[in-house]
Amino acid sequence: MRQKERQLPGPPGRGPGDAVRRLRREAAEIRAAVRAAPRRTVVAESLVCALAAAFGLIPLLLIPPDRPVLAVLEALWAALLVAARRGRPVAAVLGAFPLLMGANVWVLAVVPLIVLSATRRIAPPRRAWRIVGVACAALGGLTVAAGLFRWETLPMMLAENAVSAVLLLLLPTLAGTMLGRRRPLVDLLRERNAYLEQTRTLTAAAARLEERTRIAREMHDLLGHRLSLISVHAGALELAAARQAPPLAGQVELLRTTAGTAMEELREILGVLRRTDLSDETGGDRGTYDDITALVTQSRQTGGGSVELVWSVPDTVEVGPRVRQAIHRVVREGLTNVLKHASGAPVLVEVKGTDAGIEMYVTNGAPRVPGDSQGGTSSGLAGLEERISLLGGTFGAGALPDGGFRVTAWLPSHTTNGPVSAPSEARAHAGSEALPPSPRPPSGDGDTWRPGSNPPLSAQTLTWPRVLGAGCTAVLVVLPTAGFLIVLLVMAALG
């Protein structure tokens, strides 16, 4: 029994076989982490390790140390700690303090970078301070052990290593913990900002949908009833005119069809208002040659004047549905204004297509009877200007020297996300007729500028809150470390 008891294995993890298995498992985890990391990260880390090794080895060729083998091992050990600072930050900090007493003074420039980068990844911060405290205590104990045989130099060694510990371990730890605290706060602020932006967008969309639904309901209740009455009475009037006044039958038929078209357009507008996406506007047959020809014919029958159409849009020019809808609106608004303000005046409708976009002109001559206008509020032109600008085009409307009026617009063939410069020809046609845009100086970060207020602050301008928030305080903490390293390296080079 005693012999069998002696052959029982010891506690797990204490035998040499367990140590070997642990090393193999660690190596397998490291290989898996390297394979899972992005290629850019692997390349960058390899370059950093190579630079750390080169910084510790190349000066040895110029200034041979007293113990070259130990100096080379220290440089390689520093490069290994640089590689371990991301995955094993605690081991990197504990393995960095022996370098402060080594024979290679050049690796001291790598120590604060290792400590700063490693302590950033240790959470919570008090754990990082405990680990650095253990490293400082171990450094003190190692210093005392090295000075046992040279008591006369022990106080000087303790003072030098204390200064090195403060500047190369404690200050980088302070900077690292500051950056480590800042990172989760910034991530949390970004998440909250994204959540608030999404909430604001959804709230605004819900408010717009509710308001559009209310408008659609009001339009249906008010306009729908009136247009239905007009259509019914126009139908009865058409029957009466066919029997009693045949010459007026065409005009009465036009009145009935116009009322029916108005009802269809009202239903279309109500459908658009009740949808959440305005980009899916109905009316796919709008803005075509047949559609514009129908508008011109209807205007010619109603106004009694000459209305000519010049259509020069090549078949090779692809026009998006929203642009075609805008073409229909521009031509219809221009012809409606002619009927209201210059009935009977000659009208020329031009629709030109180029590779850059579509140009539209609705030009009428002087009215036959001066002052014969039904008045208006120019709300239709303002709505057109807003629609055209949203599609990335330009719009203009104004009186001509001969007493006529012109509505001009330019649109890109396909809608864009921002304003597009119109061709010079279209701008020349618009001339002084174009409505001037509201002044708005350029802004670096998209803020709205109002006259009488200070201009917006560019996102690239550094202010103290931005400097402190960007982690520059941590850099200021490391400045004494940089000065101390410069002095050490200069002394090593001169010595």
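Small disclaimer: the values here were computed from a predicted structure and weren't measured. Counting from 1, the numbers follow the sequence of the chain as shown.
- Closest approach of Gly365 to Ala342, counting heavy atoms only: O-CB, 4.4 Å.
- The nearest pair of heavy atoms linking Leu168 to Pro172 is O-CG, 3.4 Å.
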request  = Run the numbers on Arg406 and Val362 for side chain to side chain contact (heavy atoms under 4.5 Å, CB included), then give the verdict.
outcome  = CA-CA 6 Å; Arg406 171 178 290 166; Val362 180; over 6 Å; no

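- Every residue meeting the side-chain contact (heavy atoms from CB on, under 4.5 Å) condition with Leu76, not counting sequence neighbours, appears here in chain and number order: Leu57, Val72.
- The closest side-chain heavy-atom distance from Val347 to Thr363 is not below 4.5 Å.
- For Glu45 against Val82, the heavy-atom pair with the smallest separation is OE1-O, 4.1 Å.
- Arg200 is linked by a salt bridge (Lys or Arg N to Asp or Glu O under 4.0 Å) to Glu197, counting only residues two or more places apart in sequence or in another chain.
- Using a 4.5 Å heavy-atom cutoff, the side chains of Arg322 and Leu391 are in contact.
- Heavy atoms only, all atoms of each residue included: Ala397 and Leu381 are closest at CB-CD1, 4.2 Å.
- Put simply, CD on Glu359 and OG1 on Thr408 are 7.5 Å apart, with the number rounded to the nearest 0.5 Å.
- Annotation: the span from His328 atom NE2 to Glu333 atom CD amounts to 11.0 Å, rounded to 0.5 Å.
- Scored by the side-chain contact (heavy atoms from CB on, under 4.5 Å) test, Val107 finds Glu74, Ala75, Ala78, Leu99, Asn104 as partners (sequence neighbours excluded).
- A donor-acceptor contact shorter than 3.5 Å is absent between the side chain of Ser299 and the backbone of Val296.
- A 4.5 Å side-chain heavy-atom check between Tyr361 and Val349 finds every atom pair outside the cut-off.
- Residue Arg332 is tested with Val330, Leu335, Thr336 for a side chain to side chain contact (heavy atoms under 4.5 Å, CB included); the sole match is Thr336.
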Practice task
List the steps, then state whether side chain to side chain contact (heavy atoms under 4.5 Å, CB included) holds for Ile358 with Val351.
Solution key: CA-CA 7 Å; Ile358 306 296; Val351 182; 4.0 Å; yes

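- Every residue meeting the side-chain contact (heavy atoms from CB on, under 4.5 Å) condition with Leu348, not counting sequence neighbours, appears here in chain and number order: Glu308, Val310, Glu350.
- Remark: Trp129 pairs with no residue by the ring pair (Phe, Tyr, Trp, His ring centres under 6.0 Å) rule, at least two apart or across chains.
- Summarising the geometry, atom CD1 belonging to Ile114 is positioned 4.5 Å from atom CG belonging to Leu81; distances are rounded to the nearest 0.5 Å.
- The CD1 atom of Ile327 lies 9.5 Å from the CG atom of Asp291; values are rounded to the nearest 0.5 Å.
- Distance CG/Leu254 to OG1/Thr297: 11.0 Å, rounded to 0.5 Å.
- Between atom CD of residue Gln198 and atom CG of residue Asn193 there is a gap of 11.5 Å, rounded to the nearest 0.5 Å.
- Gly403 and Pro367 get closest at one heavy-atom pair: O-CD, 3.9 Å.
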Under the criterion side chain to side chain contact (heavy atoms under 4.5 Å, CB included), I'd like the reasoning laid out for Thr173 against Val93: C-alpha separation, chi angles, the key distance, then a yes or no. CA-CA 10 Å; Thr173 301; Val93 173; 5.9 Å; no

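- Smallest separation of non-hydrogen atoms from Ala409 and Phe395: CB-CD1, 4.0 Å.
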Practice task
Please test Leu295 against Ile292 for side chain to side chain contact (heavy atoms under 4.5 Å, CB included), starting from the C-alpha separation and ending with a verdict.
Solution key: CA-CA 5 Å; Leu295 287 178; Ile292 302 302; 4.2 Å; yes

Mind listing the side-chain donor-acceptor pairs of residues 118-128 below 3.5 Å, one per line with the distance, residues two or more places apart or on another chain?
residue	atom	partner	partner atom	Å
Thr119	OG1	Val115	O	2.7
Thr119	OG1	Leu116	O	3.2
Arg121	NH1	Ser117	O	2.7
Arg121	NH1	Ser117	OG	2.7

